[in-house]
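A short write-up of the structure that comes next.
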2 protein chains.
Amino acid sequence: MNLELFTLPSNADFLRDHQSLTSIIPKIEAIVGREHVTTAAEDLLCYAYDATNRHCRPDAVAFPANTDEVSDILKLANEYPFFVVPRGAGTGMTGGALAVQGGLVLVMTRFSRILAIDTDNLVAEVEPGVVTGHFQEVVEEKGLFYPPDPSSAPYSTLGGNVAECAGGPRAVKYGVTRDYVLGLEVVLPTGGIIRTGVRTAKGVVGYDLTRLMVGSEGTLGVITKIVLRLFPLPEVVRTLSVVFSRIKDAARTVCEIIRSGVVPRTVEYIDQSAIRCVEDYLDIGLPVDAGAMLLMDIDGSPSAVEATLQHLVAICDKGGAHQIKVASSEQEAKDLWRARQAISPALFRLGPDKINEDIVVPRNRIPDMVEWIDELRSRTGLTIVTFGHAGDGNIHFNIMLDRRDKETLEKAESAVEELFGKTIALGGTISGEHGVGITKAPYIGMEIGSEELALMKRIKAVFDPNGILNPGKIFYASPPTADD
Amino acid sequence: MNLELFTLPSNADFLRDHQSLTSIIPKIEAIVGREHVTTAAEDLLCYAYDATNRHCRPDAVAFPANTDEVSDILKLANEYPFFVVPRGAGTGMTGGALAVQGGLVLVMTRFSRILAIDTDNLVAEVEPGVVTGHFQEVVEEKGLFYPPDPSSAPYSTLGGNVAECAGGPRAVKYGVTRDYVLGLEVVLPTGGIIRTGVRTAKGVVGYDLTRLMVGSEGTLGVITKIVLRLFPLPEVVRTLSVVFSRIKDAARTVCEIIRSGVVPRTVEYIDQSAIRCVEDYLDIGLPVDAGAMLLMDIDGSPSAVEATLQHLVAICDKGGAHQIKVASSEQEAKDLWRARQAISPALFRLGPDKINEDIVVPRNRIPDMVEWIDELRSRTGLTIVTFGHAGDGNIHFNIMLDRRDKETLEKAESAVEELFGKTIALGGTISGEHGVGITKAPYIGMEIGSEELALMKRIKAVFDPNGILNPGKIFYASPPTADD
């Protein structure tokens, strides 16, 4: 994988005046105000990164404050033309916010208002730059609940969450970002402003532009407003951790739990590789010989939660658990979650760089996948740690390495390709919640057929005939050719 | 409203040989077999209707049995060209299955296999001609649950449900058809075969073609396979009916219930007009002076349901209910539902024809809407009965009349237009679950702006460049012009 891949040969001279985007900076300044545009090297550097830790320097960065400004910039971009890359907080895992072809990065963080929270109809209207975690706190103060909880929630923005269709541990019970977006305001790549969807619980008028935008990774438009569905805040949350000798038993127990009609709010699993990695880091007495640990939260009314808890303990017991801990206080719950939360920092003791993938397999194929990963680990000698959302079959697969070690890097890249092949063979998908961006773009053909890709590219061309918005993502976003 | 509206002037000579579609019948026969094509007048008549009670005679009807046959027919349709109108059971409420421009009706009922029910992963794969109610029974025998429950479920097909994004009373807790479709196999209007979505709980690879197809009313492709998410079957269901003097109190109570964190499986309301209409029909002692009745089902584990029931009764009591009946047996529950289920047959005592709309307003605006409808009723003298899904804000608005009475018909049509205007003004949508089809197409511009409509038409053109599939629906599906 290298960034040369993302140069679009057919677009080589797209930016007629690429080296001097600076010459139209005054026009961008006239739109957003001088203080909201920068070409200073240190600023460009800040907006050259995202959570993939790759580096793509934009030519300029602008910070628009309202829909009309975004519209004017996009009109200008088509006229000139130049590339525009919308960006939230840059916490994406696949490079969606990177200016891989240069151009203007459009930072949406000034769109930071919560416009309305309707406690009767359980609907909120927000701007895309609102930080997910902040929004959660604000609605929780009103007794409401916004379930999607990507682990970047303290920093990520709702606009980025919508663009990538972010998930998180609670998805097993509450679904992903897509399930909460009722409607959007979007500036099309050509500068037109559209409003999609509804402000009500239901609505089926015309094509579903809302869900077409969700997960389109900033390639079909710039989101400027979001209407979100909310839930009432569950009264209580209880946590339990369950240790199994064999991961097969853990996975079978998860299937059994969900089939029994009880859906916990989270069903996280940590396999032996992750348990050992964390124990080595924290030294908190984790069961390093265990095949897997499950970490479950259940929520609801106190009586329902109590009944569910008994029910879960019984199923886990029957399923062969050899240790079950139920937190009896908030502090104990935090302690149980500590192992799960320590995985990411602990990982970096194993190597300075991380390749992380978020494949999904049918829930009952997790043991097959983990077994296969064990085999891959011993065969390649790579440092591989996995954990994930067992209830969804969503496995976070991490290879820890030093990218400067070219031999290991090549081995890791070929392991990722093998992983994707195995995932597809098990009936899964190569991305559960991170999107495709640039890191998975070379592999999209393993999952999506050529007819479907051609259709997606033609849809892209309908929205963005000049190919100015977030180029180089998903399927390289090259303009459709006669073959498409 | 008349069907002349649906003649596309620009397509007047579309069917070069429209009067003699019969001349290519042998080619269609060669694809599906002679016994699966008909042009007999009595057959054409059968497939000229749907639940709108409008009449559009097709030129021929074919009954394909597999994906390749559908693909071959669509290729032929582009080559010739002729119009193709896919059809499930014809239970649609807005004319989606009507051959408004003639052409070939493609009846999908031979696609009637349930291909797989995966009890570990709670996923099913079905063909589109499977009857919804049959599918529900089959999964329930396995302890699973398919929640969407349009009232046509005993007859409607899953393919039609997906094409229209069908809802039903349980949507308040469980969502609509869209929320259950994980993936599809679709024959594109040009004959290409695509597979969309995933077979797993999550997936975000490429644009969301799955949800773009859901609710597209048979205009973007012919669905040939559906992957559906299932739930475990709730252990028990309990029913209660609650009578309020004033509809305002009923609506406020519904908001209070949902805000309290308890979402009943159904929250139906019947207003005074419907209570009186049903009582007049059944004579079962309904409270004809009541402002509204709520009918609620709650489901879950026995202990959770018991707790919820107490909680609901307390909220209703506090909300000013003057009668609360809790069914203590299945038979009593059926009796409580009898009033709701009798509405449709009872309505026809008020007039031989029905104009029915399914608008949605924010849940807490139901009283405003019902008050406005009362005013409309007295102002126009029209026979209007409303009921609906209070938890969703989804109101079924019915005008009973004799269509031969032209004066009343005109008055009714102008009342519908007023209704839609009021709906939009209250922040609602003109269709919660029936789609747009032909009956709402003239009004779509009240809800969807010209920029959005132009975009939808351009998407239509990407999928169906020759405009052969289900013409005349949603936005008349005319080919995009230079102005679009």
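First the proteins, then the strands, lettered A, B, ... as listed; each starts at 1.
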Handout entry: OG1 on T200(A) to CD1 on I359(B), rounded to 0.5 Å
Key = 10.5 Å
Exercise for the section: Side chain from CB out, backbone as N, CA, C, O: work out which of these in E452(B) comes under 4.5 Å of a heavy atom of chain A, or both, or neither. Expected result: both
Practice task
Might you work through the side-chain contact (heavy atoms from CB on, under 4.5 Å) test for I474(B) and V205(A), ending with a clear yes or no?
Solution key: CA-CA 8 Å; I474(B) 307 181; V205(A) 177; over 6 Å; no
Problem - Region of R178(B) that comes under 4.5 Å of a non-hydrogen atom in chain A - result: side chain
Problem - Proximal component of N394(B), with respect to chain A [non-hydrogen, under 4.5 Å] - result: side chain
Completion exercise
Okay, P234(B) and chain A: the region with an atom under 4.5 Å from a heavy atom over there is neither
Handout entry: Between G206(A), G393(A), G428(A), the one whose heavy-atom pairs under 4.5 Å with chain B are most numerous
Key = G206(A)
Practice task
Sort T210(B) into side chain, backbone, both or neither according to what part of it lies under 4.5 angstrom from a heavy atom of chain A.
Solution key: neither
Practice task
Identify the heavy atoms of D392(A) and A201(B) that sit nearest to each other, and give their distance.
Solution key: O-CB, 3.7 Å
Fill in the blank from the handout: Heaviest contributor of heavy-atom pairs below 4.5 Å to chain B, chosen from I258(A), V172(A), V436(A), V462(A), is V462(A)
Problem - Part of H311(B) within contact of chain A (heavy atom distance under 4.5 Å) - result: neither
Exercise for the section: Determine, using ring centers only, whether F463(A) and Y207(B) are less than 6.0 Å apart. Expected result: no
Practice task
Could you grab the distance from atom CG of L182(A) to atom OG1 of T429(B), nearest 0.5 Å is fine?
Solution key: 11.5 Å
Practice task
Could you tell me which of D358(A), V214(A), V186(A), L220(A) has the largest number of non-hydrogen atom pairs under 4.5 Å with chain B?
Solution key: L220(A)
Practice task
Determine the option with the most heavy-atom pairs under 4.5 angstrom with chain B, choosing from L122(A), V176(A), L209(A).
Solution key: L209(A)
Handout entry: Ion pair R259(B)/D120(A), N-O distance below 4.0 Å
Key = yes
Practice task
Identify whether the distance between the nearest side-chain nitrogen and carboxylate oxygen of R211(B) and D208(A) falls below 4.0 Å.
Solution key: no
Problem - Side chain, backbone, both or neither of V198(B) within contact of chain A (heavy atoms, under 4.5 Å) - result: side chain
Handout entry: Residue E217(A) versus chain B: region with a heavy atom under 4.5 Å
Key = side chain
Problem - For chain B, the option from G449(A), A307(A), G192(A) that forms the most heavy-atom pairs under 4.5 Å - result: G192(A)
Problem - Distance-minimising heavy-atom pair for E451(A) and L188(B) - result: OE2-CD1, 3.8 Å
Problem - Residue part contacting chain A, namely of S431(B), when any heavy atom lies under 4.5 Å - result: both
Problem - Donor-acceptor contact present, side-chain N364(B) to main-chain N121(A), <3.5 Å - result: no
